[in-house]
Amino acid sequence: MHVFDVPFGSCAAGSAPRVWKMVIELRSRISSFAQRFRKQILITFDILVVTVSYMLPWALIAGRTSYEEHNSLLISSCFFFVCCYEIVYGLMGMYDSLWRYAEIVEFFRLCLASGIAVSVFVVVTVVLWWQERRVPISVYFLSAMFASSLTLYSRLTYRMYRNTMLKKRRQPRRRTMLIGAGDAASTLLHEAAKNNSPEWNFICCVDDAPEKVGRSIMGIEIMGTTEDIPELVERCEIETILLAIPTVDDENKRRILRICNKTKCNVRILPDIVQIIANGGKDVLTRVRDVRVEDVLGREPIELTDLTNALVSNKTVMVTGGGGSIGSELCRQIAACRPKKLVIVDIYENSAYSIQQELVRRYGSALDLEVCIASVRDSKKVDKLFERTRPNVVFHAAAHKHVPLMEDAPEEAVKNNVFGTYNVALSAEKYGTERFVLISTDKAVNPTNVMGATKRLCEMIVQALAQKSETKFVAVRFGNVLGSNGSVIPLFKEQIAAGGPVTVTHPDIVRYFMTISEAVHLVLEAGAMGNGGDIFVLDMGNPVRILDLAENLIKLSGFIPYRDIEIKFTGLRPGEKLYEELLMDEEGLRQTDNKKIFVGAPLQLNKNTFFDHLKTLKEIAYSNNSGNLVQALIDLVPTFHHEGTDEL
């Protein structure tokens with residue numbers, strides 16, 4: 001029984017699914033047959049279309065001439081007309097194109113092929129054939145017009161039909177507003193149409209060029225300027241905003257993003273115009289990314305001079321904590337400068353393995369790379385490592401950094417941060433390392449927590465060693481790094497993805513922020529310019545309110561703060577400050593050759609008594625006496641003001 005012979009109302013409970021399954025299977029077989037014999041079907045279709053196109057003009061002139069009179073001429077000329085079209089179409093590859101993906105070039109080639117076919121037909125019939133019985137002039141014109149139009153429009157209709165069907169089969173796409181109506185936007189729209197993007201349904205466009213407003217780009221109307229975004233979002237029910245102006249300067253980008261933040265739309269961005277041009281506009285869809293917090297931080301990127309080649313090129317370089325956020329970026333940028341050897345030291349094998357594999361994939365055998373799983377606490381292991389590798393430059397990034405955790409385990413902070421630094425620094429001095437660069441933090445300034453106090457002690461260690469050593473010891477101090485492991489940004493993103501609440505310790509808490517790339521540039525450049533005992537500080541611009549960061553992240557994720565995602569204030573954690581500082585009062589400040597980098601004058605420490613105090617601190621730390629340890633830190637770091645000992 002045929003599937004369509006089953007009455008719809010009389011289908012048993014289990015027969016309807018079987019009927020539908022048979023229909024789907026039939027459609028699948030038809031589709032498979034059409035794909036297998038696509039070329040033959042298209043040739044047959046063109047033969048019918050061209051034949052009808054040639055016969056139709058003869059029918060139109062039937063009132064003025066009889067078929068009997070021109071019967072043989074009609075048949076022979078029709079056969080030759082069809083042959084001209086099919087031969088030319090075949091030679092010009094009209095049956096090799098996938099017309100569902102056809103571009104303007106394919107349709108232009110079709111028109112050109114039609115013109116050539118008609119020209120051949122006219123030349124042969126007029127000059128060589130039927131000198132006495134000529135084909136009517138109107139037949140030449142009308143048949144050419146009909147044949148060319150029908151073959152062209154049939155393919156165009158097929159392409160539109162396929163694209164429409166594909167759109168219907170996909171999940172509903174997000175209603176999208178495009179910001180920008182330039183070359184990048186045009187390329188993006190073209191690629192989206194070509195690839196039938198399942199993500200965006202472009203509804204409207206905005207551009208700040210007044211002459212463009214009211215016009216359209218790739219069929220998308222330019223309905224206003226960026227100032228009209230909130231109104232257009234509401235009127236057009238926009239869900240996603242896509243910024244497609246890769247050449248926009250940072251000030252205008254932040255202005256546009258601030259306007260977008262007034263809406264509840266998800267905001268995305270098309271960056272990197274250089275890469276778009278280099279790829280000839282290809283793969284532009286894959287370059288669209290979410291807006292990052294650094295896009296709206298309101299701080300110009302730091303431009304640093306390139307001194308790193310002289311520092312690490314053709315040198316053996318060691319990076320402790322090389323698997324961490326800062327350490328791994330150090331390894332990437334150092335590897336790009338072609339060191340003689342790169343030694344990565346880390347206690348956590350997973351992160352060390354990750355950066356190792358990344359560098360192996362990128363550089364292969366061109367990079368002499370060694371990864372050592374070791375703890376900087378182990379002085380004997382560190383000493384043997386230095387004895388074997390003899391590094392010229394050391395970047396010491398290994399440290400415990402989480403403030404609340406170190407408040408609960410101050411002895412671990414001292415063991416790892418203070419004496420880990422001490423072990424690495426002593427080995428560097430012993431084996432003739434040229435430069436030693438300590439990664440420090442703004443929390444070392446007037447510290448109020450154990451972690452900050454230990455990092456201040458690390459600075460004091462390298463400053464004390466610098467007074468008597470040929471190794472140039474320097475420290476680099478900077479604020480929070482965007483996106484680093486354990487930082488606030490990944491935490492906020494996880495909380496938003498979970499539906500909230502987003503936790504902020506205090507509504508007025510502020511922090512300095514920089515990108516990982518900027519931080520590492522600073523570290524490398526400071527290592528190149530340091531003379532020993534210096535503490536380098538980056539001009540990080542204005543501090544940023546953490547609450548503002550939280551609200552921006554929520555808005556950029558397409559939600560409304562306090563309505564869709566709650567923000568919860570949890571109170572300052574133990575040892576946490578409202579405001580961070582970058583320089584101590586007694587350090588002084590002078591500008592370097594780079595206007596964004598400053599250096600504090602080295603402190604003169606009594607190295608003999610200082611190292612004696614360190615021995616006492618080590619004994620207390622390894623006795624795991626937390627109470628006495630905090631007091632010992634206060635004695636060694638006069639600027640350390642710990643909340644738990646204020647009453648003492």
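Keep in mind that what you see is a predicted model, and the values were worked out from it rather than measured.
Looking at every heavy atom in both residues, N423 comes nearest to V382 through O-CG1, 4.0 Å. Scanning all heavy atoms of the two residues, the minimum distance from K443 to M451 falls at CD-CE, 3.4 Å. Closest heavy-atom contact between A466 and G533: CB-N, 3.4 Å. In plain terms, the two heavy atoms of I355 and S328 that are nearest each other are CD1-O, 3.7 Å. Contact record, T448 with F640: C-CE1, 3.8 Å, taken as the closest heavy-atom pair. In this structure, T433 and P391 approach most closely via the heavy-atom pair OG1-O, 3.2 Å.
Within the 4.5 Å cutoff, no side-chain heavy atoms of V537 are placed close to those of V599. Taking 4.5 Å as the limit, every side-chain heavy atom of V418 sits out of range of all side-chain heavy atoms of K618. Here the side chains of F395 and L438 are not in contact, with every heavy-atom distance at 4.5 Å or above. Between Y353 and V371 there is no side-chain heavy-atom pair separated by less than 4.5 Å. Side-chain atoms of I554 and D564, non-hydrogen and from C-beta on, never get closer than 4.5 Å to each other. In this structure the side chain of L633 reaches within 4.5 angstrom of the side chain of V414, judged on heavy atoms.
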- Query: Given Y348 and N350, is the side-chain hydrogen bond (donor to acceptor under 3.5 Å, both in side chains) satisfied, shown in steps?
  - Reply: CA-CA 6 Å; Y348 185 44; N350 288 344; 3.1 Å; yes
- Task: Test side-chain contact (heavy atoms from CB on, under 4.5 Å) on C265 and T240 and set out the steps.
- Result: CA-CA 5 Å; C265 296; T240 298; 5.9 Å; no
- Can you check salt bridge (Lys or Arg N to Asp or Glu O under 4.0 Å) on E387 and K384, steps first, answer last? CA-CA 5 Å; E387 182 182 16; K384 287 185 178 180; over 6 Å; no
- Task: Assess whether side-chain contact (heavy atoms from CB on, under 4.5 Å) is satisfied between I269 and L242, documenting all intermediate values.
- Result: CA-CA 6 Å; I269 192 168; L242 178 54; 5.8 Å; no
- Item | Candidate pair V502 and E566, rule side-chain contact (heavy atoms from CB on, under 4.5 Å), full reasoning | CA-CA 6 Å; V502 171; E566 186 62 33; over 6 Å; no
- Task: Could you please spell out the steps behind the side-chain contact (heavy atoms from CB on, under 4.5 Å) verdict for L617 and F419?
- Result: CA-CA 10 Å; L617 181 68; F419 293 104; 4.2 Å; yes
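Distance check: R255 CZ to C260 SG gives 10.0 Å after rounding to the nearest 0.5 Å. Atom OG1 of residue T421 and atom CZ of residue F473 lie 11.0 Å apart, to the nearest 0.5 angstrom. In this structure, I326 CD1 and K401 NZ are separated by 7.5 Å, a value rounded to the nearest 0.5 Å. Distance check, rounded to the nearest 0.5 Å: CG of L243 to CD1 of I245 gives 5.5 Å. Between the CD atom in Q356 and the CG atom in L369 there is a gap of 6.0 Å [rounded to 0.5 Å]. Put simply, CD on Q495 and NZ on K568 are 10.5 Å apart, with the number rounded to the nearest 0.5 Å.
Residues satisfying the side-chain hydrogen bond (donor to acceptor under 3.5 Å, both in side chains) test with R338, not counting sequence neighbours, are none. For the salt bridge (Lys or Arg N to Asp or Glu O under 4.0 Å) test, no residue two or more places apart in sequence or in another chain qualifies with K472. Under the side-chain contact (heavy atoms from CB on, under 4.5 Å) criterion, V376 pairs with T320, H396, A398, N416, V424, sequence neighbours left out. The side-chain contact (heavy atoms from CB on, under 4.5 Å) test applied to P638 returns no partner, not counting sequence neighbours. Every salt bridge (Lys or Arg N to Asp or Glu O under 4.0 Å) that K468 has, sequence neighbours left out, goes to E429. With sequence neighbours excluded, the residues forming a side-chain contact (heavy atoms from CB on, under 4.5 Å) with Y363 are A335, A336, L359, L367, listed by chain and number. K430 pairs by the salt bridge (Lys or Arg N to Asp or Glu O under 4.0 Å) definition with D383, not counting sequence neighbours. Remark: R388 engages E370 in a side-chain hydrogen bond (donor to acceptor under 3.5 Å, both in side chains) (not counting sequence neighbours). Partners of S427 according to the side-chain hydrogen bond (donor to acceptor under 3.5 Å, both in side chains) rule, which considers only residues two or more places apart in sequence or in another chain, do not exist here. Residues passing the side-chain contact (heavy atoms from CB on, under 4.5 Å) test with L547, sequence neighbours excluded: P507, R545, E551, Y562, I567, F569. By the side-chain hydrogen bond (donor to acceptor under 3.5 Å, both in side chains) test, N625 pairs with no residue at all, sequence neighbours left out.
For the pair E411 (side chain) and L629 (backbone), a donor-acceptor distance under 3.5 Å is absent. Here the side chain of S375 pairs a donor or acceptor atom with the backbone of R377 at under 3.5 angstrom. Without hydrogens or angle criteria, S354 side chain to S351 main chain gives no donor-acceptor distance under 3.5 Å. In this structure a side-chain-to-backbone donor-acceptor pair under 3.5 Å is missing from H402 to P404. Judged purely by atom type and a 3.5 angstrom limit, T505 has no side-chain atom pairing as donor or acceptor with the backbone of G571. At distances below 3.5 Å, not a single donor-acceptor pair connects side-chain atoms of D534 with backbone N or O atoms of F536.
Salt-bridge annotation for K615 and E619: absent, with no side-chain N of the basic residue lying under 4.0 Å from a carboxylate O of the acidic one. By the 4.0 Å N-to-carboxylate-O rule, E358 lies too far from R361 to be salt-bridged with it.
Q463 and E459 share no donor-acceptor pair across their side chains, judged by distance under 3.5 Å alone. For K415 and N624, the side-chain atoms include at least one donor-acceptor pair closer than 3.5 Å. Side-chain contact of T454 with N417: a donor-acceptor pair under 3.5 Å is present, judged by distance alone.
Using bins of under 30°, 30° to 60° and over 60° for the plane-to-plane angle, the ring pair F386/Y431 lands in the parallel bin.
Annotation: salt bridge (charged side-chain N to carboxylate O under 4.0 Å, His left out) contacts involving residues 312-325, sequence neighbours excluded, comprise K315-E434.
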